[in-house]
There are 2 protein chains.
Amino acid sequence: MRGTPLALSGLLRDIGVRHQGARSLRAGQSLFRQGDKATAIFEVERGRIQLLRHTADGRRVILFTAGAGQALAEAALFSPRYHCDGVAAADACVRFFRKEALLAAFRKNPDLAERFMALLARQVQSLRAQLEVRNIRSARERILRHLSLAARGDTVLVDGTLKDLASTLGLTHEALYRTMAALERDGAIRRKGRAIRIAAGGRDRA
Amino acid sequence: MRGTPLALSGLLRDIGVRHQGARSLRAGQSLFRQGDKATAIFEVERGRIQLLRHTADGRRVILFTAGAGQALAEAALFSPRYHCDGVAAADACVRFFRKEALLAAFRKNPDLAERFMALLARQVQSLRAQLEVRNIRSARERILRHLSLAARGDTVLVDGTLKDLASTLGLTHEALYRTMAALERDGAIRRKGRAIRIAAGGRDRA
DNA sequence: CGGCGTTTTGAGAGAGCTCAACATCGGTGG
DNA sequence: CCACCGATGTTGAGCTCTCTCAAAACGCCG
């Protein structure tokens, strides 16, 4: 669920693209640096990779944090150089896909190209939905909407930590815990370990 | 600037795709409905189109609001039906691009396909950056970061209203006005009509 | 000129953040 | 097997910052 309510189950690997290798990184290690020639795009297998940009005065700005199962630096496919740093926020393992190989494959195989487009289109859709969720001020409403977007049927299976969930929702973990407890007290949701079931009238009681 | 800090200058039309027509809508009118056969994707020329989904209990959820220059329902290219409603939030005019025509063009012309992918990839990038900006709690910091991402050189040209800017930043317009005034008082930025210049040490004084 | 939407400033309240303490769980090593 | 440790999960209390409600100046267009 990390970072995506409409889970993009699977990614490059699943559309039939073969990766050209993998690489392990220790927390803090760089995968690539701003200005490096862009030779590949990546998919996080384990851990977390952050895209960082450095401002003129040397401050770090996090542009994006990619968790397991998320693609990284797709835009580099169409740009000669990486426009930011890619650094491991925790010990991580990434698969990499060489640019020329990918682009060549797309040209040779329109089906593959189409699947990749579909992947990107779904990402756009999912990101927009996330952005819209962030427009909701109330923690309660925001959580409920996220859950109802992420739900399969009436249940959501949280596959990261609740802390991660809090940060993807733009809440502190305390606020998330408290509000979830309140929601459960009110009967709007019911929790059983990783599974959260949304009550039929959950959204009414909001 | 609406909805995109890293301005996606131009869209489908600019990558060489020809549209198959245009349509005007009055505020409140539907462009398409959830479950309709997906026959086209769109680009907003004027006004605003909202993507809405209806929950089981009949409540409307806004998934996305597309302003002038933004594409709409790209994901429909790869889905047989629209998965939400497209409704005009204000009087609007949209260009439409037929699915089969687009997909056929992509298959026949790999360059075009590649440009479309690039478009999607840049959108993904931009949306992620927006999401990351939303993680900043402080209005002051959030505005400064948005500005530094949106800046060309040291100046930002705001091309919507400041109210629009406030909503893309997830702030009330009052908070935006107040904070911008404070930033100007502190010398972090300087405004001249539509142009905002960021002072060299703007981010230090935050 | 008159009306409407944007821009601007004021004052107050509420929601979420911050800091803090504690419980719980899973892994690690003696 | 148990003691220990770190990270996650949970709850409490106070405070700050933004939202909300309100009012007024400004600019634009018919």
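Treat the numbers as computed from the prediction; the structure is a model and nothing was measured. In the text below, chain A, chain B and the rest are named by the order of the sequence lines, each starting its count at 1.
- Between A:Arg194 and D:dT8 there is no side-chain N or O to OP1 or OP2 distance below 4.0 Å.
- Of the residues near DNA chain D, A:Tyr177 and A:Arg137, the one whose nearest nucleotide (by heavy atom distance) lies more toward the 5' end is A:Tyr177.
- Spacing between atom CD of B:Glu174 and atom P of D:dA24 amounts to 16 Å, rounded to whole angstrom units.
- Between chain B and DNA chain C, the heavy-atom contact criterion of under 4.0 Å yields a 5' to 3' nucleotide range of C:dT6 to C:dC17.
- Pairs passing the ring-ring contact (aromatic ring centres under 6.0 Å, His included) check and including a residue from residues 148-171 of chain A, sequence neighbours excluded, do not occur.
- Atom pair A:Asp164:CG and D:dA7:P shows a separation of 14 Å (rounding to whole Å applied).
- The side chain of B:Thr172 contributes an N or O atom lying less than 4.0 Å from OP1 or OP2 of D:dC19.
- Checked against the 6.0 Å centroid threshold, B:Phe42 and B:Phe97 do not count as a close aromatic pair.
- Between A:Glu174 and A:Lys163, no side-chain nitrogen of the basic residue sits less than 4.0 Å from a carboxylate oxygen of the acidic one, so the salt-bridge criterion is not met.
- B:Arg190 has no carboxylate O lying under 4.0 Å from a charged side-chain N of B:Asp154, or vice versa, which leaves the two without a salt bridge.
- Using a 4.0 Å cut-off between a side-chain N of Lys or Arg and a carboxylate O of Asp or Glu, A:Asp186 and A:Arg140 qualify as a salt bridge.
- For the pair A:Ile136 CD1 and D:dT18 C1', the computed distance is 17 Å after rounding to whole Å.
- Within the structure, salt bridge (Lys or Arg N to Asp or Glu O under 4.0 Å) contacts touching residues 25-40 of chain A (residues at least two apart or in different chains) are A:Arg26-A:Asp91.
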